[in-house]
Amino acid sequence: MSNPSHIAIIMDGNGRWAKARGLPRAAGHKAGLEALRDTIRAAGKMGIPFLTLFAFSSENWSRPRSEVSDLMGLLKLFIRRDLAELHRENVRVRIIGEREGLAKDIRGLLMEAETLTGRNTGLTLVIAFNYGSRNEITRAVQQLLADVSAGVITQADVTAEAISARLDTADIPDPDLIIRTSGEMRLSNFLLWQAAYSEFMFLPCYWPDFRSTHLAEAIETFHMRERRFGGVNQQEIAL
Ligand code: IPE
Ligand code: IPE
Ligand code: MG
């Protein structure tokens, strides 16, 4: 089987990583940033075309205000410090998630990252920020309804492809492999529509401990999986 074209990661366990060390949760998020940098570099080197990282969910606003502000601060730090290098490395940055509700300076930085790197041809780094699948699907449905009401399309045009094309991930292939760290086995509102035929891997390690070796191992395991997409494999047909 060929390498996955698109790997998506739910970066989870920063808080527990910090707690295990008697550190504040913020220290876990900061350490998580190093894992994120390492993973982007590794995916680029491995020639993975698309890497999606779940950085902040639409439900993460329910955390204490100080933690939300730490996470916003880290996003700003990441873009300010790393954008130039990502651009040099030919990385194309895409952001998915709801822009409304984000502070103006953050929106500006997200736009800057996408505009500066928009024509790059290396790794596409998709950052899911203020992202929730239900919100994304709801926005897509609202757009379709508006198009039907305006007479631009008819009800018959509301196909699975039409829905996919109106999601934030339009033009991005569905993830072949979804990895979640920290031992939790759930999607937490991540890529619900796009994950229809993804392979899942749940790793026990906390996100700040995730390194390129984990990524390489996950890809190795991916090669051993048999993907059927609802069909039967050729060997079974031959029997
Ligand atoms: C992942 O780590 C980071 C975000 C969700 C932003 P957590 O902060 O969820 O860490 P745990 O799950 O509490 O350990
Ligand atoms: C999912 O992790 C969101 C991100 C990794 C950004 P959470 O820690 O928010 O998910 P739950 O609350 O454990 O489901
Ligand atoms: Mg968590």
Side-chain angles (χ1 to χ4, degrees), residues 6-40 43 50-82 93-103 106-107 109-110 113 125-138 167-169 172 175 177-195 198-211 214-215 218:
H6 182 180
I7 299 178
I9 307 182
I10 302 171
M11 310 184 287
D12 196 17
N14 294 352
R16 280 164 283 169
W17 180 93
K19 194 174 177 202
R21 285 161 180 75
L23 297 168
R25 292 178 60 84
H29 296 314
K30 216 169 144 217
L33 191 57
E34 281 315 308
L36 176 142
R37 288 185 171 121
D38 204 59
T39 304
I40 297 169
F50 293 87
L51 174 71
T52 297
L53 299 175
F54 198 7
F56 190 88
S57 81
S58 46
E59 286 76 42
N60 286 147
W61 294 105
S62 64
R63 295 188 179 200
R65 208 156 18 144
S66 63
E67 182 167 349
V68 170
S69 121
D70 287 339
L71 290 165
M72 296 292 154
L74 278 177
L75 176 80
K76 288 195 257 187
L77 184 83
F78 171 66
I79 296 182
R80 287 195 183 122
R81 288 231 181 121
D82 293 34
V93 180
R94 274 274 299 264
I95 315 291
I96 59 171
E98 168 107 81
R99 300 289 167 104
E100 234 161 86
L102 290 175
I106 292 199
R107 278 200 267 180
L109 284 168
L110 297 180
L125 170 65
V126 184
I127 300 179
F129 200 84
N130 194 20
Y131 177 85
S133 255
R134 287 183 172 180
N135 167 282
E136 180 193 36
I137 294 168
T138 306
L167 296 175
D168 296 349
T169 50
I172 298 172
L177 171 59
I178 297 181
I179 299 170
R180 182 170 188 150
T181 57
S182 90
E184 305 298 350
M185 297 187 197
R186 54 177 171 264
L187 276 176
S188 303
N189 204 10
F190 185 51
L191 301 179
L192 302 182
W193 174 276
Q194 299 87 338
S198 303
E199 294 295 323
F200 289 91
M201 272 172 223
F202 299 100
L203 309 187
C205 83
Y206 294 142
W207 175 249
D209 292 327
F210 188 90
R211 285 296 172 268
H214 294 93
L215 187 66

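Remember, predicted model here, so these are calculated numbers, not experimental data. Counting starts at 1 for both ligands and their atoms, following the listed order.
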Gap between atom OG1 of Thr169 and atom CH2 of Trp193 - 0.5 Å precision: 10.0 Å
Is it the case that the side chains of Tyr131 and Glu98 hold a donor-acceptor pair, with the cut-off being a distance below 3.5 Å and no angle test? no
What's the shortest distance from atom 9 (O) of ligand 2 to any protein heavy atom, and which residue and atom give it? Asn60 ND2, 2.9 Å
Quick one: does Gly13 get within less than 4.0 Å of ligand 1, heavy atoms only? yes
Under 4.0 Å from ligand 2, counting heavy atoms only, is it the side chain of Ala55, its backbone, both or neither? backbone
Quick one: does ligand 1 sit under 4.0 Å from the side chain of Arg63, the backbone, both or neither, non-hydrogen atoms only? side chain
Enumerate the atoms of ligand 2 whose separation from the nearest heavy atom of Phe56 is less than 4.0 angstrom. 6 (C)
The closest protein heavy-atom partner of atom 1 (C) of ligand 1 is Met11 O, 3.0 Å
Give the atom numbers and elements of ligand 1 that come within less than 4.0 Å of a heavy atom of His29. 3 (C), 8 (O)
Got an N, O or S from Asp12 under 2.8 Å of the Mg ion (ligand 3)? yes
With atom 13 (O) of ligand 1 as the reference point, say which of Arg25, Lys19, Arg16 has the nearest heavy atom. Arg25
Check ligand 2 against Arg186 and write out every atom of the ligand that is under 4.0 Å from a heavy-atom position of the residue. 11 (P), 13 (O), 14 (O)
Identify the closest protein heavy atom to atom 2 (O) of ligand 2: which residue and atom is it, and at what distance? Arg180 NH2, 3.5 Å
Taking the side chain from Asn130 and the backbone from Arg99, do they hold a donor-acceptor pair closer than 3.5 Å? no
Looking at Trp207 and Gly32, would you say the former's side chain and the latter's main chain have a donor-acceptor pair under 3.5 Å? yes
With no hydrogens and no angle check, is any side-chain donor or acceptor of Ser57 less than 3.5 Å from a backbone partner on Asn60? yes
If you scan protein heavy atoms around atom 10 (O) of ligand 1, the nearest is Gly15 N, 2.9 Å
Taking the minimum heavy-atom distance to atom 14 (O) of ligand 2, which of Ser188, Ser57, Gly132, Ser62 ranks first? Ser188
Can you pull out the closest protein heavy atom to atom 3 (C) of ligand 1? Residue, atom name and distance to 0.1 Å, please. Asn14 ND2, 3.5 Å
Keeping the roles fixed (side chain from Arg180, backbone from Met201), state whether a donor-acceptor pair exists under 3.5 Å. no
For Arg134 and Glu59, what are the C-alpha separation, side-chain angles and deciding distance, and is it a salt bridge (Lys or Arg N to Asp or Glu O under 4.0 Å)? CA-CA 11 Å; Arg134 287 183 172 180; Glu59 286 76 42; over 6 Å; no
Does Arg16 come within less than 4.0 Å of Glu184, counting only side-chain N to carboxylate O? yes
Please work out which of the three classes, parallel, tilted or perpendicular, describes the rings of Trp61 and Phe56, given edges at 30° and 60°. perpendicular
